[in-house]
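Report on the following structure.
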Amino acid sequence: MAKIAKKLNDTKIKNTKPAEKEINLFDGEGLMLRIAPLSKGGKKNWYFRYAVPVTKKRTKMSLGSYPHLTLAKARALRDEYLSLLANGIDPQIHNNDKANALKDATEHTLQTVAR
């Protein structure tokens, strides 16, 4: 049976200091905060763990670092990715497609062609 993760709060995140080993704090539904060891700078990074819809293999994707990406924003991203997964869409492929579409839209403008 799966272990039920206790929801994180901002105070717990701020008060958890880097140690000699890597620390993982779980918020539930695939969202986790990884605190790097002191030897690697002690950065706090958000990750989303999920099963790829086609292959059913477990993978994770980075969402951003803690001070810049708050707990509320990380949960909003997780909810968005969970809704994509419910529709059978891989969030990493979806993000890559969005980035490529933006690049294509801005790459071939009159100004860039004129240069």
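Position 1 is the first residue of the sequence, and the numbers go up from there.
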Got a second to check how far [X]'s [atom1] is from [Y]'s [atom2], nearest 0.5 Å?
X: Asn45; Y: Leu63; atom1: CG; atom2: CG; value: 9.5 Å
X: Ile13; Y: Leu71; atom1: CD1; atom2: CG; value: 4.5 Å
X: Asn9; Y: Thr11; atom1: CG; atom2: OG1; value: 5.0 Å
X: Leu8; Y: Asp27; atom1: CG; atom2: CG; value: 4.5 Å
X: Leu84; Y: Asn95; atom1: CG; atom2: CG; value: 8.0 Å

Taking the side chain as every heavy atom from C-beta outward, state whether [X] and [Y] have any pair of such atoms under 4.5 Å apart.
X: Lys103; Y: Lys98; result: no
X: Pro91; Y: Leu85; result: yes
X: Leu31; Y: Trp46; result: yes
X: Val52; Y: Lys56; result: no

Using the rule that two of Ile, Leu, Val, Met, Phe, Trp, Tyr join whenever any of their side-chain heavy atoms come within less than 4.5 Å, decide whether Met32 and Leu77 are in one cluster.
no
State plainly whether one hydrophobic cluster holds both Ile23 and Leu38, where clusters connect Ile, Leu, Val, Met, Phe, Trp and Tyr through side-chain heavy atoms under 4.5 angstrom apart.
no
For residues 33-51, the salt bridge (Lys or Arg N to Asp or Glu O under 4.0 Å) pairs (sequence neighbours left out) are Glu22-Arg34
Applying ring pair (Phe, Tyr, Trp, His ring centres under 6.0 Å), can you list everything that pairs with Phe48, at least two apart in sequence or on another chain?
Tyr50, Tyr81
Between the side chain of [X] and the main-chain N/O of [Y], is any donor-acceptor distance below 3.5 Å?
X: Arg78; Y: Tyr47; value: no
X: Lys57; Y: Val54; value: no
X: Asn87; Y: Ile89; value: no

Below 4.0 angstrom, N of the basic side chain to O of the carboxylate: do Arg75 and Asp79 qualify?
no
